[in-house]
Amino acid sequence: MTDAPIILGLESSCDDTAAAVVRGQEVLSSVVYGQTELHADFGGVVPELAARAHAEKIDLCVEEALAAAGMTLADIDAVAVTSGPGLIGGVLSGVMCAKGIAAATGLPIIGVNHLAGHALTPRLTDGLAYPYLMLLVSGGHCQFLIVEGAESFRRIGGTIDDAPGEAFDKTARILGLPQPGGPNIEAVALAGDARRFPLPRPLLDRPGCDMSFSGLKTAVLRARDAVVDEKQGLTKADQADIAAAFQSAVTDVLAEKSRRALAEYLTLKPACPAFAVAGGVAANGPIRSALESVSAQAGAVFTAPPLSLCTDNAAMIAYAGSERFALGHFDDLELSARPRWPLDTSAPALLGSGKKGAKA
Ligand code: KG4
Ligand code: ZN
């Protein structure tokens with residue numbers, strides 16, 4: 001892949017400022033400056049603070065990424081930048097930086113959809129062939145995408161309300177466990193009996209691949225309140241049993257909906273069927289193994305990119321940029337920042353956004 005173009009990628013759409021240098025499937029460098037501490041006291045990302053921090057850090061990120069790759073701008077073939085969706089102030093920081101570099105060097109500029117960056121990551125990490133099925137399952141997202149090409153995504157289902165990660169985080173709060181909820185629920189659930197609390201499996205009785213997780217969270221609240229009313233408190237065993245019941249309900253829903261999504265995907269008769277999961281929730285052991293076995297039953301290869309490439313980073317933006325480069329699809333200095341930019345513009349809007357946080 002040494003003759004592949006060398007792409008500098010920039011990412012600043014939420015609370016991570018990042019730059020990376022990628023050549024084909026080779027990540028030459030990847031620098032990420034997170035802003036978790038900056039927003040810690042506010043219970044969410046504050047757009048104005050985020051934008052200022054991106055503006056302060058983005059040049060530094062570029063310098064560090066080039067230095068770590070042992071390169072200068074003279075070695076770069078194009079600059080790829082997240083041009084949406086996301087917090088407009090942050091997206092603008094990246095876009096302005098990319099335009100500055102392009103204006104000074106004459107390098108081509110490539111605007112990348114942040115979600116396309118996530119969705120194309122399994123090609124960067126595992127070289128998956130199109131079309132593949134992707135489940136993006138995180139704190140802010142839950143959608144099934146058939147990835148048909150670098151610029152062609154078909155959404156065949158998603159959550160109509162909360163994302164599963166959000167439900168994990170809320171369940172942890174209800175049970176008095178620390179954040180982030182996912183890993184803590186998973187750890188506590190190990191000692192639990194999932195059958196003690198029969199929780200619902202929302203939308204399994206309806207056809208299709210749409211999902212719902214907000215009712216599950218309410219059911220968890222009721223289960224906890226019933227125990228508290230009876231015993232004036234929660235024991236460790238109660239906590240473990242509720243956590244296990246919740247995790248098992250989410251696992252069943254994701255597994256069954258993945259089975260349906262795979263069936264729909266397989267009607268395309270892909271030469272190399274593959275199912276990729278990405279997002280923080282994919283780190284969950286029982287969920288991951290359930291998805292893996294559903295995938296095996298359908299005869300599809302299962303992949304899950306490493307967490308460092310699942311969370312926001314610029315290597316995925318540079319890689320997505322290299323795919324657009326190969327297609328000869330460039331932007332110019334007129335490139336604008338788009339706060340909203342669905343991957344599949346033809347898919348009907350979901351009832352709920354399926355995305356509650358700023359993060360994509
Ligand atoms: O993709 P991600 O890092 O970023 C955002 O969506 O912001 O996902 C974070 C989410 C959180 O809600 C977290 O609780 C969840 O992923 N998560 C997990 C696990 N690890 C992280 N959920 C279930 N089990 C886990 N082991
Ligand atoms: Zn993201």
Side-chain angles (χ1 to χ4, degrees), residues 9-18 20 30 32 34-36 39 43-45 50 82-87 90-91 94 112-121 134-143 145 158-159 162-175 177-190 192 213-214 216-217 220 243-244 246-251 253-254 276-291 304-317 319-320 341-343 353-360:
L10 307 179
E11 157 63 32
S12 57
S13 64
C14 185
D15 59 351
D16 292 297
T17 319
S30 179
V32 181
Q35 302 177 352
T36 311
H39 305 287
V45 178
T82 299
S83 53
L87 298 171
V91 178
V112 169
N113 182 309
H114 176 86
L115 295 171
H118 281 302
L120 296 176
T121 299
M134 171 100 194
L135 169 60
L136 204 55
V137 64
S138 67
H141 274 282
C142 186
Q143 50 182 308
L145 293 166
T159 181
D162 294 353
E166 191 182 357
F168 266 96
D169 294 340
K170 286 183 182 159
T171 295
R173 258 179 232 124
I174 292 169
L175 296 181
L177 295 169
Q179 296 296 313
N184 289 304
I185 295 275
E186 182 177 1
V188 167
L190 280 175
F213 296 98
S214 76
L216 198 48
K217 173 190 72 198
V220 165
F246 165 79
Q247 183 172 266
S248 135
V250 176
T251 306
V253 170
L254 288 173
V277 252
V281 179
N284 184 284
I287 291 179
R288 205 182 164 107
S289 52
L291 298 178
L307 213 55
S308 62
L309 289 171
C310 278
T311 49
D312 286 352
N313 66 89
M316 68 179 190
I317 303 304
Y319 178 77
W341 186 2
L343 267 185
S353 64
K355 179 183 179 328
K356 294 285 158 61
K359 197 131 184 159

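Numbering of ligands and ligand atoms starts at 1, following listing order.
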Inset, instruction - Please find the N/O/S atom of Asp312 nearest to the Zn ion (ligand 2) and write down its name. - result: OD1
Legend entry - Contact (N/O only, under 3.5 Å) between Pro180 and ligand 1: no
Legend entry - Gln247 side-chain N/O to Ala249 backbone N/O, donor-acceptor pair under 3.5 Å: no
Inset, instruction - Output yes when the distance from some N or O of ligand 1 to some N or O of Gly182 is under 3.5 Å, and no in every other case. - result: yes
Legend entry - Flag, side chain of Glu166 to backbone of Ala163, donor-acceptor distance under 3.5 Å: yes
Inset, instruction - Considering the heavy atoms of Gly140, write down every atom of ligand 1 situated less than 4.0 Å from one of them. - result: 6 (O)
Inset, instruction - Examine Cys14 and say whether one of its N/O/S atoms is closer to the Zn ion (ligand 2) than 2.8 Å. - result: no
Legend entry - Atoms in ligand 1 flagged as close to Gly139, the criterion being non-hydrogen separation under 4.0 Å: 5 (C), 6 (O), 8 (O), 9 (C), 10 (C), 12 (O)
Legend entry - Contacts of type side-chain contact (heavy atoms from CB on, under 4.5 Å), residue Gln35, not counting sequence neighbours: Asp15, Thr17, Leu38, His39, Ala50, Ala53, His54
Inset, instruction - Nearest heavy atom to atom 13 (C) of ligand 1 wins, so pick from Asp169, Val281, Thr311, Asn284. - result: Asp169
Legend entry - Minimal non-hydrogen separation, Pro164 against Phe213, with atom names: CG-CE1, 3.6 Å
Inset, instruction - Heavy-atom contacts with Gly279 under 4.0 Å: which atoms of ligand 1 show up? List them by number with element. - result: 1 (O)
Inset, instruction - Answer yes or no: does an N/O atom from Gly280 fall short of 3.5 Å to an N/O atom of ligand 1? - result: yes
Legend entry - Taking every non-hydrogen atom, the tightest pair across Ile185 and Leu177: CD1-CD1, 4.0 Å
Legend entry - Under the side-chain contact (heavy atoms from CB on, under 4.5 Å) test, residues paired with Pro183 that sit two or more places apart: Pro180
Legend entry - Rounded distance [0.5 Å steps], OG1 in Thr159 versus NE2 in His141: 11.5 Å
Legend entry - Geometric N/O contact Gly165 with ligand 1, under 3.5 angstrom: yes
Inset, instruction - Using a 4.5 Å cut-off on heavy atoms from C-beta on, say whether the side chain of Val188 contacts that of Leu175. - result: no
Inset, instruction - Determine, using heavy atoms of Pro183 and all atoms of ligand 1, whether some pair is separated by less than 4.0 Å. - result: yes
Legend entry - 2.8 Å cut-off met by an N, O or S atom of His118 to the Zn ion (ligand 2): yes
